[in-house]
Every structure is written in structure tokens, then in C-alpha cells.
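Data first, discussion second: the structure below is written as C-alpha cells.
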Amino acid sequence: MHLSEQEIIRREKLQELTQLGIDAYPAALFPITHSSTFIKENYKGPENAADFADVSIAGRIMSVRDMGKANFCVIQDGAGRIQLYIKRDDICTGEDKTLYDIVWKKLLDIGDFIGIKGYVFTTKTGETSIHVKDLTLLSKALRPLPIVKEKDGESFDEVTDPEFRYRQRYADLIVNPGVKDTFIKRTKMMNCIRAYLNDMNALEVETPVLQSIPGGAAARPFITHHNALDMPLYLRIANELYLKRLIVGGFDFVYEFSRNFRNEGMDRTHNPEFTILEFYVAYKDYFWMMETTENLLEQVAIATNGQTKLTVGEKEIEFKAPYKRISIYDAILEHTGIDVSNMNEDEIRTTCNTLHIPTEKSMGRAKMLDEIFGTMCEANYVQPTFIIDYPIEMSPLTKKHRSKPGLVERFELIVNGKELANAYTELNDPIDQRERFEEQTKLMERGDDEAMFIDQDFLRALEYGMPPTSGIGFGIDRLAMLMTNQLSIQDVLFFPQMRAENPNS
RNA sequence: GAUCUCGUAGCUCAGCUGGUAGAGCACAUCACUUUUAAUGAUGGGGUCUUGGGUUCGAAUCCCAACGGGAUCACCA
């Protein structure tokens with residue numbers, strides 16, 4: 001193991017601490033009375049100084065300004081940062097100045113955790129600080145932390161290298177405080193959604209991640225193997241079919257934050273594992289779901305950002321309900337000037353050629369329409385927009401439209417040019433469902449490697465009868481990107497997938 | 001998977017048309033008892049991602065591998 005000069009020095013300091021009888025990794029708890037942020041927000045000077053005359057806090061040393069027999073340092077705890085004033089003769093009241101001269105000045109470093117006791121005061125320059133009376137080492141850092149300096153809100157030498165930040169997220173979180181805020185917002189968002197659904201008497205459930213038939217979506221799965229059962233298993237690509245089984249079983253409103261796994265390409269909006277919120281509600285249809293969706297999103301925007309109008313990249317996005325609704329045919333008409341609603345497969349193939357959209361023989365009518373929408377229309381919908389009423393072939397789990405032949409009752413919610421949610425009036429006719437699965441099998445035989453497998457157990461469940469139901473899947477990572485104004489999915493996942501680290505680096 | 005681009009100290013970055021590697025912060029030693037990108041002085045620290053090639057000589061030019069990013073394909 002190759003150590004840098006600084007790492008060697010820190011290990012030597014650790015030995016010296018041990019020789020002084022100081023445990024660099026003590027087991028006992030350290031009693032904490034306040035957080036850094038609480039002190040800074042509540043200390044008012046002489047008028048309430050008595051309340052802060054004896055505080056005890058702990059955190060990581062982030063910077064040190066040494067003045068000789070006194071110095072200032074900044075520590076960071078879970079809430080934020082606060083400045084400490086450490087004076088030699090205050091932490092070493094007797095003749096022995098070892099604690100200050102040796103332990104504090106020589107043996108402690110930026111990155112170490114310390115616990116301190118002292119009183120709060122305001123410095124000459126007006127910064128709320130803690131005058132330290134007692135100091136304890138709580139944990140020694142052996143690896144030097146990247147140093148980010150700051151003045152007037154401007155950062156210097158900020159660690160921006162994405163590889164460093166994603167591989168060593170722990171270090172990224174320490175030195176880039178904004179990163180923590182992003183993830184706190186993500187959790188607030190999840191909490192808001194849970195509260196919203198729970199208020200509607202929804203039940204949060206858990207369904208299998210290991211599935212023998214990967215259903216509910218069109219995607220390439222990860223395959224694994226169970227040794228004792230000696231059978232292949234797939235990591236789930238969606239939980240839809242399991243939640244519907246629960247609706248059959250008599251739950252009227254279930255939801256799950258489903259970690260899904262898809263063995264496909266990665267880019268700034270795709271990670272191999274990602275989270276989708278799905279919920280299913282009995283006796284509802286997709287109109288009800290559109291209203292619920294726009295109301296939920298409005299609440300989420302307020303819970304995470306305090307307002308419904310958000311800045312995402314260069315754009316302003318207004319999440320206040322209601323949202324525009326437009327059929328996929330009208331969307332295509334609007335952006336291409338071509339009415340495809342009555343075209344057959346050959347005519348649509350010709351249209352694709354006209355629009356310079358490549359097609360393959362395996363692509364059916366619906367797939368080509370999806371391509372036209374994806375390339376010509378989708379990116380234009382920046383404000384939340386429901387695209388509704390899709391052709392039946394591309395929606396094998398969706399109920400036929402109540403009045404428009406050839407279509408299904410389905411919507412996708414597009415925000416900032418990306419699909420954020422996908423919802424239907426669910427297909428609950430078991431005979432129709434069996435036929436749709438058989439259509440998928442034909443597509444598979446034709447070469448479509450994303451077509452769905454027939455799930456006989458799911459059909460058996462439907463045959464017991466499923467109430468009319470509406471369901472939705474929400475891209476939680478993408479929603480987090482919108483709510484936190486991040487352009488890459490890697491910035492809303494703590495540990496995004498990376499290649500194995502180069503052993504030479 | 002394809003194309004483009006990047007990889008130099010713990011961190012942020014210089015390093016020109018090839019001539020034995022530099023700065024700031026960090027680190028070490030010293031000074032300084034209210035500083036805040038603290039300051040002043042001195043010093044140490046590098047397999048220039050890895051492996052080949054061209055050359056008298058490669059961080060620099062060429063090829064390949066590994067890793068990151070961007071674009072595309074696939075998808076949410």
C-alpha cells in the first residue's frame with residue numbers, strides 16, 4: 001500500500017497520541033448539548049448569553065487559523081459549521097501545556113473529529129463562535145481532506161471532478177455542503193409523497209425484487225441464479241404486476257417505492273438501478289389519476305422548494321395544477337403538421353421516412369408512433385403536460401379507450417422534455433389481457449427484444465376479478481432532479497453506478 | 001456498444017513548436033493570545049493513469065489498454 005507523505009505523517013501522529021495515553025478512537029459517547037446551526041441561529045449576545053454559557057458540541061475540523069498561543073478553527077457537525085476559539089491558557093489552566101502545544105497544535109489535523117465544551121461569544125469581526133474550555137479527540141483522520149476555501153460565498157479550489165465526487169461520495173459530502181442539501185431535499189420529497197398518499201389511506205407495501213418472470217415494463221433485465229432452487233431469477237424491471245395482484249387481493253390503494261433494475265445503457269438520466277413510485281387505486285380511472293398527479297406534484301414542489309415555480313437549468317417550470325392535456329396524435333400533428341391518426345402501418349412507415357426517422361421491420365405501428373413522438377415532440381414539452389390516449393399496441397397492460405377505437409386510456413406526464421410518469425386505466429379484463437400478452441409474443445417472434453413475457457400467474461389473478469383500477473409509475477430520480485435542479489441522475493443518487501476503479505489510479 | 005474529449009503533488013490547476021517537472025492551498029519547522037481564502041519566513045512532497053512505439057532525448061508526438069465526461073444508440 002503506497003502512502004503519501006501526508007498519510008505517513010498522520011500515522012506517526014497517531015502513534016504519538018497513543019504514546020501520550022490518548023485514545024484516538026474512544027468508545028464512550030460524547031455528550032452534545034447543541035448543534036452548530038442552533039447556536040448560530042439562536043445566540044443573541046449578552047441578552048441570552050447565559051443560555052449558552054456551557055455548551056458542548058462535536059464535529060470535524062475543517063480549517064485552522066493558528067495565531068500562536070491561540071487559534072481559530074472551524075468544525076462541521078451534522079447541521080453545519082461553527083467557529084471555535086481555542087486559547088492555550090484556557091484549555092491548559094495549569095503549568096502543563098501539552099494539550100495545547102503538542103496535542104492540539106501538532107497532533108490534530110483538518111479532518112479529525114473533536115468534541116469541545118465552552119461558552120458562546122461574538123468575535124471582534126462579529127462571528128458567533130465558541131470559546132473552548134475543554135477539548136477531546138473523538139476520531140483521527142488518516143487521509144487528508146481536499147481543502148475548499150471560501151470567501152464572500154465564493155469557493156476556491158472546489159472539488160468538482162465528477163469521478164472523485166461519485167466514487168468518494170463521503171468526501172464529496174464533507175467538502176461540498178450543497179451536496180448534502182440535494183439529498184436532504186430528495187428525502188423531503190419522498191416524505192411529502194408518503195404523507196400525501198398516506199393521507200389518502202394508501203398502504204405502503206413491499207413486493208419481490210427477485211422475480212421469475214420480469215414483467216410490467218418493456219426492458220432488458222438483469223439475470224441471476226438461485227442456487228438452492230436451481231432456477232434463474234430476474235431483478236425486477238417493474239413492480240406493476242405485483243401491485244395489481246394486491247388490488248385483486250382486496251387492497252384498494254397500494255403504493256411502493258420500487259427499486260428497479262434495467263440492463264441497458266447509462267447516461268445522465270439513466271442509472272442501472274433507479275426508483276419508481278407506483279401506486280394503484282381501485283374504482284378510479286386515468287382522469288382521476290391526472291388530477292391526483294398534478295395535485296401531488298404541486299405539493300411536492302412546495303414541500304421541497306417552498307413554491308410551485310422552479311428553476312431547472314435555464315428554464316422556469318410551473319408545477320401549479322392543472323396541467324395541459326393533449327392526445328399523442330394531436331401532439332404529433334402540432335409538431336409535424338401530419339395527421340397520423342388514421343394511418344395504417346405502411347403509411348406511418350412512409351411518414352417516418354419523410355421525417356428522417358429510421359425504422360426497422362420489427363417495428364409495429366405503435367412503436368413507430370412512439371419514435372415520431374420521441375424525436376419530434378417530447379423535447380418541446382417543458383411545462384408539465386399530459387400526453388394522453390396512446391395506440392393500443394404499445395400499451396399491453398392498459399384498458400381500451402371507452403370511446404376512441406384503437407386507443408387506450410393512458411397518459412404520460414412530460415416535464416422538461418422528459419417522461420416523468422406513465423399511467424393508465426388498468427386493463428382488468430383477463431381475456432383481453434391474455435390476448436395482449438399473445439400479441440407481445442408475436443412481437444417477440446418478430447424480433448422485438450423488449451416485448452413482454454406472458455405471466456400466467458398474473459392472468460390467473462385477473463381471472464379472480466380485479467376492480468376497475470387506475471395506476472401510475474413515477475420516475476422518482478427524475479423528479480428529484482427537477483426538484484433539486486440537477487442535470488445528472490448521478491447527482492441525485494448517493495452512489496451512482498461506476499466502472500470498477502482503475503487499480504493504477 | 002460507437003464517436004469526440006480529458007487523466008500532472010492530498011486538492012485546484014500551469015507546463016508553448018519534444019530538452020531531466022511548476023504554482024496556490026494542504027503538509028513539515030519557526031514566529032504571532034480575536035482570526036476568517038489569517039499573515040510572515042523556511043522546507044519536504046511526483047512511477048506526469050498504465051503498457052508499447054518514434055526519437056540522442058517524451059508529461060508533451062503516435063498506438064493500445066484502463067478510468068472520467070460529453071454526444072449518439074437503448075431506455076425511465
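Numbered from 1 within each chain, the chains take letters A, B, ... in sequence-line order.
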message: What's the gap between B/G22 and B/G43 when it is taken at their P atoms, as a whole Å value?
response: 14 Å
message: Taking only the P atom of each, what is the distance from B/A73 to B/G10 in whole angstrom?
response: 40 Å
- prompt: Is the backbone of A/Glu154 close enough, under 3.5 Å, to the side chain of A/Asp152 for a donor and an acceptor to pair up by distance?
  reply: no
query: Looking only at atom P, what distance separates B/G19 and B/C61, rounded to whole Å?
result: 11 Å
field: Option passing salt bridge (Lys or Arg N to Asp or Glu O under 4.0 Å) with A/Asp112 (candidates A/Arg60, A/Lys13, A/Lys140)
entry: A/Lys140
- request: Output yes when at least one side-chain N/O atom of A/Arg268 is less than 4.0 Å from OP1 or OP2 of B/G69, else no.
  value: no
- prompt: Do other residues, nucleotides or ligands put more than 12 heavy atoms under 6.0 Å from the CG atom of A/Asp54?
  reply: no
field: Atom-pair distance (CZ on A/Arg81; C1' on B/A37), nearest Å
entry: 13 Å
task: Just call it for A/Phe121: base, sugar-phosphate, or nothing, with non-hydrogen atoms closer than 4.0 Å on any strand.
output: base
- prompt: Is a side-chain N or O of A/Arg88 found less than 3.5 angstrom from the main chain of A/Asp101, in a donor-acceptor match?
  reply: no
task: Measure from the side chain of A/Phe164, starting at C-beta and using heavy atoms only, and say which of B/C11, B/U35, B/C74 lies closest.
output: B/C11
field: Whole-Å C1' distance, B/U3 and B/A76
entry: 25 Å
task: Please state how far atom CG in A/Leu3 lies from atom C1' in B/A9, giving the value in whole angstrom units.
output: 15 Å
query: Any idea which of B/A76, B/U34, B/G10 is nearest the A/Ser4 side chain?
result: B/G10
message: Between A/Ser36 and A/Gly80 (side chain of the first, backbone of the second, donor and acceptor by atom type, cut-off under 3.5 Å), is there such a pair?
response: yes
- request: Identify which nucleotide among B/G68, B/C32, B/U12 has an atom closest to any side-chain atom of A/Met498, counting heavy atoms from C-beta outward.
  value: B/G68
task: Compare side-chain N and O positions of A/Gln490 against OP1 and OP2 of B/G69 and report whether any pair is under 4.0 Å apart.
output: yes
query: So what does A/Glu158 hit on the nucleic acid, given a heavy-atom distance under 4.0 Å: a base, only sugar-phosphate, or nothing?
result: sugar-phosphate
message: So, OP1 or OP2 of B/C30: does either fall under 4.0 Å of a side-chain N or O from A/Lys106?
response: yes
- prompt: Would a distance-only check, ignoring hydrogens and angles, find a side-chain to backbone donor-acceptor pair under 3.5 Å from A/Arg478 to A/Glu419?
  reply: yes
Interatomic distance at C1', B/C6 relative to B/U60, whole Å: 15 Å
message: If the cut-off is 4.0 Å, is A/Lys151 near the phosphate of B/A37, judged by side-chain N/O to OP1 or OP2?
response: yes
Backbone of A/Phe494 reached by a side-chain donor or acceptor of A/Arg169 within 3.5 Å: yes
field: Neighbours of RNA chain B within residues 365-381 of chain A, by heavy-atom distance under 4.0 Å
entry: A/Lys367
Whole-Å P distance, B/A23 and B/G15: 15 Å
- prompt: With centres under 5.5 Å and planes under 30°, do A/Phe72 and B/A38 count as stacked?
  reply: no
statement: Interatomic distance, SG@A/Cys73 vs CE@A/Met62, rounded to 0.5 Å, equals 11.5 Å
field: Short side-chain N/O contact to B/U35 OP1/OP2 from A/Arg65, under 4.0 Å
entry: no
Tabulate protein N/O versus nucleotide N/O from nucleotides 22-26 of chain B, keeping only pairs under 3.5 Å, one per line.
residue, atom, partner, partner atom, Å
B/G24, N2, A/Asp157, OD2, 3.2
B/C25, O3', A/Lys149, NZ, 3.4
B/A26, OP1, A/Lys149, NZ, 3.1
B/A26, N3, A/Gln6, NE2, 3.0

field: Heavy-atom donor-acceptor pair, A/Thr398 side chain to A/Glu426 backbone, under 3.5 Å
entry: no
field: Rounded C1' spacing from B/C72 to B/A9 in Å
entry: 37 Å
message: What's the separation between atom NE2 in A/His131 and atom OH in A/Tyr85, rounded to the nearest 0.5 Å?
response: 6.0 Å
query: Please give, in whole Å, the distance from B/G69 C1' to A/Arg165 CZ?
result: 13 Å
- prompt: For A/Asp89 and A/Lys97, what are the C-alpha separation, side-chain angles and deciding distance, and is it a salt bridge (charged side-chain N to carboxylate O under 4.0 Å, His left out)?
  reply: CA-CA 8 Å; A/Asp89 296 336; A/Lys97 304 299 185 190; 3.1 Å; yes
RNA chain B: stems of at least 3 consecutive Watson-Crick or G-U pairs whose donor-acceptor distances fall under 3.5 Å: B:1-7 with B:66-72, B:10-13 with B:22-25, B:27-31 with B:39-43, B:49-53 with B:61-65
query: If we take the C1' atom in both B/G51 and B/G7, what is their distance in whole Å?
result: 15 Å
